[in-house]
Protein chains: 2
Amino acid sequence: MLGKTSEYAIRALVYVYIQNLEGKRPGFKEIAKKIDSPEQFTAKVLQNLTRAKLISSMKGRGGGFFFDHPATPLTLYEIIRVVEGEVFFSKCGFGLKRCDSENPCPLHEDYSPVREGFLKAVKNQTIQALANKINERKAVLTRL
Amino acid sequence: MLGKTSEYAIRALVYVYIQNLEGKRPGFKEIAKKIDSPEQFTAKVLQNLTRAKLISSMKGRGGGFFFDHPATPLTLYEIIRVVEGEVFFSKCGFGLKRCDSENPCPLHEDYSPVREGFLKAVKNQTIQALANKINERKAVLTRL
DNA sequence: ATATAAAAAGACATGTATATCTTTTTATAA
DNA sequence: TTATAAAAAGATATACATGTCTTTTTATAT
Ligand code: FES
Ligand code: FES
């Protein structure tokens with residue numbers, strides 16, 4: 001479904017948020033280790049998220065990544081939009097140039113509800129909520 | 001969601017089925033033109049579908065692609081499984097190595113129903129049903 | 001038999017996502 | 001002010017999906 005870049009982005013942000021709660025600002029090496037992702041590639045992903053203002057960073061000693069406004073909910077939708085692009089949410093499942101319910105492809109009737117379900121899920125899920133599940137031991141951040 | 005290869009595969013099979021109903025066996029050039037896909041790449045896709053026995057082909061004059069048993073429903077699930085591989089249907093949405101509802105990622109609760117909805121849709125939809133929608137002018141095969 | 005038409009096969013090319021390596025910039029600590 | 005630590009940036013590499021070109025095989029029509 002999502003590309004690896006989006007997966008790393010979401011996992012990285014969850015980890016950063018959890019660390020921020022402890023008053024820490026993790027760097028990309030620590031993040032990559034904890035979310036089991038390639039170090040340098042994760043640095044690039046975080047760089048893009050920083051450019052897109054989804055997260056902030058500080059250079060130099062004691063630097064790292066952090067949320068400027070940790071209380072403001074960050075939805076997965078906003079992250080995926082930045083990483084994959086807006087069209088990701090409206091693509092025709094049959095491969096036509098656009099999805100058009102007035103002139104649908106033969107998959108539209110069955111596919112568009114699935115796509116809307118996905119959209120609803122990522123618009124309602126936030127980094128904060130995912131992080132809480134992990135802190136409450138209701139979910140895991142990585143798997144062996 | 002699906003890769004272009006799967007999209008071409010599904011559209012191509014729908015077109016072949018429709019033509020078979022008219023007693024014709026289209027070749028890859030005609031198919032590619034009608035489903036708006038790259039000619040040679042479509043040939044490769046059809047070659048793979050033939051190898052996987054989802055469709056049959058005949059070489060030489062008057063040859064082309066056709067269904068051996070047009071009445072046997074062919075689900076999109078079977079096509080996607082051949083093209084994208086079985087794991088496509090069970091991937092963890094958070095990017096963990098496996099999806100495990102006993103030890104879930106924080107997205108599992110919201111993501112797995114979407115994934116199951118997709119699975120159900122492609123297991124219930126068939127090439128025959130899609131083709132019928134097009135023949136009944138309830139859906140289109142291509143878009144400008 | 002020969003010419004023709006078509007898929008199959010193999011080789012090659014391009015594009016995009018993913019991944020790594022090196023150098024530069026910037027902030028902090030000593 | 002110098003050394004150090006960290007992100008940013010740039011260049012390069014690899015893998016895989018996508019796409020094209022050429023040659024071979026095979027069936028049919030003449
Ligand atoms: S037209 Fe294809 S999914 Fe809407
Ligand atoms: S464990 Fe991640 S989707 Fe099931």
Side-chain angles (χ1 to χ4, degrees), chain A residues 1-13 15-16 19-20 24-33 35-68 80 82-85 87-88 91 95, chain B residues 1-13 15-16 19-20 24-33 35-68 80 82-85 87-88 91 95:
Chain A
M1 176 75 83
L2 296 172
K4 294 194 190 190
T5 305
S6 292
E7 292 173 352
Y8 297 157
I10 294 170
R11 297 217 302 277
L13 290 174
Y15 180 72
V16 170
Q19 290 309 109
N20 285 181
K24 297 177 200 153
R25 287 191 301 241
F28 71 85
K29 289 179 192 175
E30 175 187 344
I31 295 168
K33 194 162 298 175
I35 70 169
D36 188 27
S37 63
E39 213 171 73
Q40 296 292 327
F41 189 71
T42 302
K44 292 297 190 193
V45 172
L46 287 162
Q47 215 174 286
N48 289 336
L49 297 175
T50 303
R51 260 199 287 264
K53 311 274 191 198
L54 297 187
I55 201 175
S56 296
S57 69
M58 282 184 63
K59 286 185 176 184
R61 269 201 187 210
F65 296 89
F66 62 96
F67 287 88
D68 247 319
I80 296 169
V82 160
V83 176
E84 311 268 354
V87 292
F88 190 82
K91 257 196 62 160
Chain B
M1 175 73 84
L2 295 173
K4 295 196 189 191
T5 305
S6 292
E7 292 174 352
Y8 297 155
I10 294 169
R11 298 217 301 278
L13 290 174
Y15 180 73
V16 170
Q19 290 309 109
N20 284 182
K24 298 178 201 151
R25 285 191 302 240
F28 71 86
K29 290 177 191 175
E30 174 186 344
I31 296 168
K33 195 162 296 175
I35 70 170
D36 187 29
S37 63
E39 211 172 77
Q40 296 293 327
F41 189 70
T42 303
K44 291 297 189 190
V45 172
L46 287 163
Q47 215 174 288
N48 289 336
L49 297 175
T50 303
R51 260 199 287 265
K53 311 274 191 198
L54 296 189
I55 201 176
S56 296
S57 69
M58 281 185 62
K59 288 185 176 183
R61 267 198 188 215
F65 296 89
F66 61 97
F67 287 87
D68 246 318
I80 297 168
V82 161
V83 177
E84 312 268 355
V87 291
F88 190 83
K91 255 197 61 161

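Side chains are part of it too, since the values below use all heavy atoms of this structure and drop only hydrogens, waters and symmetry mates.
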Output the rounded distance in Å from [atom1] ([X]) to [atom2] ([N]).
X       : N      : atom1 : atom2 : answer
B:Gln47 : D:dG19 : CD    : P     : 16 Å
B:Ile31 : C:dA8  : CD1   : P     : 10 Å
B:Lys4  : D:dC16 : NZ    : C1'   : 14 Å
B:Arg11 : D:dT18 : CZ    : P     : 12 Å
A:Asp36 : C:dT18 : CG    : P     : 16 Å
B:Lys29 : C:dA6  : NZ    : P     : 8 Å
A:Phe41 : C:dT18 : CZ    : P     : 6 Å
A:Leu46 : C:dA19 : CG    : P     : 14 Å

B:Ser6 vs B:Val45 side-chain heavy atoms within contact, under 4.5 Å: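 When only atoms from C-beta onward are counted, B:Val45 and B:Ser6 do not touch, as no gap falls below 4.5 Å.
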Side-chain heavy-atom pair B:Asn48, B:Val82 within 4.5 angstrom cut-off: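 Result no, sub-4.5 Å side-chain heavy-atom pair not found.
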Gap separating the CD1 atom of B:Ile35 from the OG1 atom of B:Thr42, nearest 0.5 angstrom: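 It is 5.0 Å, given to the nearest 0.5 Å.
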5'-most by nearest nucleotide on DNA chain C - A:Thr42 or A:Gly60: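 Of the two residues, A:Thr42 wins.
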5' precedence on DNA chain C between A:Arg25 and B:Lys59 (nearest-nucleotide basis):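 Per heavy-atom nearest nucleotide, the more 5' residue is B:Lys59.
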NZ/NE/NH1/NH2 to OD/OE distance under 4.0 Å, B:Lys91 and A:Glu7: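 Result for this pair is yes, salt bridge flagged.
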Check: D:dA9 base within 3.5 Å donor-acceptor of A:Lys44 side chain: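 Donor-acceptor pair under 3.5 Å: yes.
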Test log, rule side-chain contact (heavy atoms from CB on, under 4.5 Å), inputs B:Glu30 and B:Tyr15: CA-CA 10 Å; B:Glu30 174 186 344; B:Tyr15 180 73; 2.5 Å; yes
Derivation and outcome, side-chain contact (heavy atoms from CB on, under 4.5 Å), residues A:Leu13 and A:Phe67: CA-CA 9 Å; A:Leu13 290 174; A:Phe67 287 88; 3.9 Å; yes
Nearest listed nucleotide, side chain of A:Gln40, among C:dT22, C:dA19, C:dA27: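 Of the candidates, C:dT22 comes closest.
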Nearest heavy atoms of A:Ile80 and A:Phe88, plus distance in Å: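 Distance-wise, the nearest heavy atoms are CG2-CD2, 3.9 Å.
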Residue-phosphate contact under 4.0 Å: B:Tyr8 side-chain N/O, D:dT18 OP1/OP2: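 So the side chain of B:Tyr8 is outside the cut-off, no N or O lying under 4.0 Å from OP1 or OP2 of D:dT18.
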Those residues of residues 48-58 of chain B lying under 4.0 Å from DNA chain C by at least one heavy atom: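 Contacts with DNA chain C under 4.0 Å: B:Thr50, B:Arg51, B:Ser57, B:Met58.
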